[in-house]
Amino acid sequence: MSVRRSSVQELLRSQELEREVVVKGWVRTRRGNKYVQFIAVNDGSGFNSIQVVANAEQFPEEQLKADGVENGAAVAVRGQLVASQGKGQTVEIQATEITVLGKADPTEYPLQKKGHSLEFLREIAHLRPRTNTFGAVLRIRHAMAFAVHQFFNDQGFFYVHTPIITGSDAEGAGQMFRVTTLPEQNPPLTEDKSAVDYKQDFFGKQTNLTVSGQLEGEIAALALGKVYTFGPTFRAENSNTARHLAEFWMIEPEVAFNDLQDNMDLAEDFLRYLVRYALENCQDDLKFLNEQYDKELLGRLQFVVDNDFQRLNYTEAVGILKSAKQKFEFPVDWGTDLQSEHERYLVEKHFKKPVILINYPKDIKAFYMKLNDDNQTVRAMDVLFPGIGEIIGGSEREESLEKLTKRMAEMNVPEHELWWYLELRKYGTAPHSGFGLGFERLVLFVTGMANIRDVIPFPRFPKSAEF
RNA sequence: GCUUCCUUAGCUCAGCCGGUUAGAGCAUCUGACUGUUAAUCAGAGGGUCCCUGGUUCGAGCCCAGGAGGGAGCGCCA
């Protein structure tokens with residue numbers, strides 16, 4: 001009779017002992033002596049591995065080695081699930097059959113039992129998911145993605161899919177990657193030969209990869225009420241920092257009839273929900289990251305769950321920064337955007353908690369943000385987190401057709417490309433608000449990792465698209 | 001894109017003021033050990049000192065250029 005394969009996590013939690021089980025996974029370590037061998041097997045189902053005990057009478061060490069039961073090999077193990085005789089684990093498998101499914105030559109296999117830098121692991125992105133660190137990060141990443149959908153679903157939001165390929169380059173959120181099927185050599189030119197003729201391209205116009213689903217999200221919000229997007233997003237800036245990727249995932253809720261206050265409440269509830277979800281559902285993985293990388297991680301996550309975010313106006317923030325004793329590399333002036341060092345001072349030194357800054361000067365924010373009555377500021381909202389900086393950027397949107405077209409003219413945003421966006425203000429316009437959350441920045445915060453390239457399986461950044 | 005630091009064994013790193021044959025821990029291999037927890041102990045093998053050129057009696061070390069990587073900044077989520 002064949003026994004169905006169990007996951008390692010299932011067996012580690014099992015109360016049902018003295019039964020035959022089968023596990024399949026990868027060998028993390030093999031150790032022991034000429035009488036008994038211990039093989040830690042991990043199948044990725046959770047942080048912990050299960051200990052397989054192999055007695056020498058049946059499994060001499062030389063035989064195990066010759067068969068390839070070594071660090072990194074894929075194995076299938078059949079045996080009895082029993083209470084552990086040793087300390088450090090409650091159950092273990094007394095092996096009766098060990099089959100090597102795929103060898104990993106120990107003299108060549110790059111992952112060893114000790115000491116790998118994150119930089120080295122980045123160069124072997126095809127193998128790094130097998131490490132404790134990346135297993136933990138990827139499981140937490142999954143949990144966060146799941147929690148995003150759960151949060152919005154529970155609150156009556158609808159998940160909308162906004163396009164990956166977009167036809168407008170007027171979104172103003174940065175440099176874009178071009179999408180074309182025109183030949184690289186001698187593309188068709190316009191009649192006066194002054195430019196490439198995109199009328200002959202696949203879509204009949206110039207197209208790019210999306211930098212934001214917001215404008216399309218607004219369409220959906222003004223029909224379905226509460227919506228969110230969660231999809232890949234592309235920025236072609238030559239940006240080289242530990243907080244930027246050329247391809248990342250962004251979550252953008254958009255809610256009809258929400259004002260800026262509602263928007264702040266939503267952002268705060270959302271972030272706190274996600275962090276609490278991680279604390280409750282990713283304990284083993286977070287404990288490891290806390291011990292290995294960042295001793296203050298768990299404390300910091302708990303702090304976010306327990307405390308309200310500090311909310312204040314941009315103008316007030318400028319006042320605080322101007323009277324700060326700390327010297328800044330860049331001067332603080334009303335009307336200029338805050339630098340990273342200013343944001344960090346507010347979050348990490350002054351308030352020592354997450355900060356929501358609102359009502360920024362209109363000249364440093366996007367055209368679609370709602371103008372305040374002072375005619376100087378817009379209803380923008382940035383959520384600033386310790387170590388991360390801006391984790392969320394959002395706003396109440398300008399719902400007045402007249403004011404919106406005026407802002408677009410001032411900022412040289414061509415109306416004809418966004419005719420559909422303007423019609424939303426022409427037909428049944430309504431107040432509405434939304435924001436964008438960079439998913440990897442969330443994962444960065446929750447895992448305590450230092451570099452955003454280590455919280456996405458296959459990072460894309462300038463000069464790097466291997467794997 | 002700017003600034004700055006780094007590149008020495010499979011991995012992590014030391015290498016003095018420029019001076020004989022370049023070292024350690026881990027990994028690998030050989031042996032020891034009856035329950036280990038990144039097992040331990042003894043021994044062995046393992047090097048294009050990132051590349052190219054230069055200075056020098058002599059370069060891992062100094063100089064120039066190139067490549068790769070990190071950090072900070074800018075841009076942003």
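Proteins come first, then strands; the chains are lettered A, B, ... in the order of their sequence lines, and each starts at number 1.
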Counting any heavy atom closer than 4.0 Å, what does [X] reach on the DNA or RNA strands: base, sugar-phosphate only, or nothing?
X: Arg453(A); answer: sugar-phosphate
X: Phe120(A); answer: sugar-phosphate
X: Ile251(A); answer: nothing
X: Glu92(A); answer: base
X: Gln89(A); answer: base
X: Arg122(A); answer: sugar-phosphate
X: Thr241(A); answer: base

Is any side-chain nitrogen or oxygen of Ser340(A) closer than 4.0 Å to OP1 or OP2 of G74(B)? yes
Verify the contact: side-chain N or O of Arg31(A) to OP1 or OP2 of G35(B), cut-off strictly under 4.0 Å; return yes or no. no
Nucleotide nearest [X] when distance is taken to its side chain, options [options]:
X: Glu237(A); options: A77(B), G35(B), C75(B); value: C75(B)
X: Arg235(A); options: G69(B), G1(B), C76(B); value: C76(B)
X: Ser117(A); options: U37(B), G74(B), U12(B); value: U12(B)

Gap between atoms [atom1] and [atom2], on [X] and [N] respectively (whole Å):
X: His244(A); N: G1(B); atom1: NE2; atom2: P; answer: 16 Å
X: Asp337(A); N: G74(B); atom1: CG; atom2: P; answer: 10 Å
X: Glu329(A); N: U4(B); atom1: CD; atom2: P; answer: 13 Å
X: Glu390(A); N: G74(B); atom1: CD; atom2: P; answer: 12 Å
X: Leu64(A); N: U36(B); atom1: CG; atom2: C1'; answer: 14 Å
X: Lys463(A); N: G69(B); atom1: NZ; atom2: C1'; answer: 14 Å
X: Glu341(A); N: C73(B); atom1: CD; atom2: P; answer: 8 Å
X: Gln112(A); N: C11(B); atom1: CD; atom2: C1'; answer: 5 Å

Could you give the distance separating [M] and [N] at their [atom1] atoms, to the nearest angstrom?
N: U40(B); M: U3(B); atom1: C1'; value: 48 Å
N: G54(B); M: A59(B); atom1: P; value: 12 Å
N: G10(B); M: G18(B); atom1: C1'; value: 30 Å
N: C2(B); M: G60(B); atom1: P; value: 32 Å
N: C49(B); M: U21(B); atom1: P; value: 15 Å
N: C76(B); M: C62(B); atom1: P; value: 40 Å
N: C50(B); M: C6(B); atom1: P; value: 13 Å
N: G35(B); M: G19(B); atom1: P; value: 49 Å

Between [N] and [X], counting only base atoms on the nucleotide and side-chain atoms on the residue, is there a donor-acceptor pair under 3.5 Å?
X: Ser239(A); N: G1(B); answer: no
X: Glu119(A); N: G69(B); answer: no
X: Arg243(A); N: C73(B); answer: no

Would you mind telling me which residue lines up with the more 5' stretch of RNA chain B, Leu245(A) or Ala450(A), judged by nearest nucleotide? Ala450(A)
Nearest heavy atom decides the nucleotide; on that basis, is Phe461(A) or Gln339(A) closer to the 5' end of RNA chain B? Phe461(A)
Centroid separation [X] to [Y] less than 6.0 Å:
X: Phe152(A); Y: Tyr159(A); answer: no
X: Tyr228(A); Y: His149(A); answer: yes
X: Phe439(A); Y: Phe230(A); answer: yes

Please test Glu254(A) against Arg397(A) for salt bridge (charged side-chain N to carboxylate O under 4.0 Å, His left out), starting from the C-alpha separation and ending with a verdict. CA-CA 10 Å; Glu254(A) 192 73 34; Arg397(A) 319 304 188 189; 2.8 Å; yes
If pairing requires Watson-Crick or G-U wobble contacts with both distances under 3.5 Å, which nucleotide is the partner of [N]?
N: C16(B); value: none
N: A44(B); value: U28(B)
N: U7(B); value: A67(B)
N: C2(B); value: G72(B)
N: C62(B); value: G54(B)

Nearest 0.5 Å, please: how far is CG in Leu357(A) from CE in Met264(A)? 10.5 Å
From Arg379(A) CZ over to Ile358(A) CD1, what is the distance, rounded to the nearest 0.5 angstrom? 9.5 Å
Run the salt-bridge test on Asp454(A) and Arg128(A) with the 4.0 Å N-O cut-off and return the result as yes or no. yes
Under 6.0 Å from the NZ atom of Lys24(A), do we count more than 12 heavy atoms belonging to anything else shown? no
Using the side-chain hydrogen bond (donor to acceptor under 3.5 Å, both in side chains) definition, which of the options Asn313(A), Thr315(A), Thr377(A) pairs with Asn359(A)? Asn313(A)
Output a table of nitrogen or oxygen pairs between the protein and nucleotides 28-33 of chain B separated by less than 3.5 Å.
from   : atom 1 : to       : atom 2 : distance (Å)
C33(B) : OP2    : Lys34(A) : NZ     : 2.6

Do you see a donor-acceptor pair shorter than 3.5 Å between the side chains of Gln214(A) and Glu218(A)? yes
Asn263(A) and Asp265(A): side chain donor to acceptor below 3.5 Å: no
Does Phe439(A) stack onto the base of A77(B), taking stacking as ring centres under 5.5 Å apart and planes under 30° apart? no
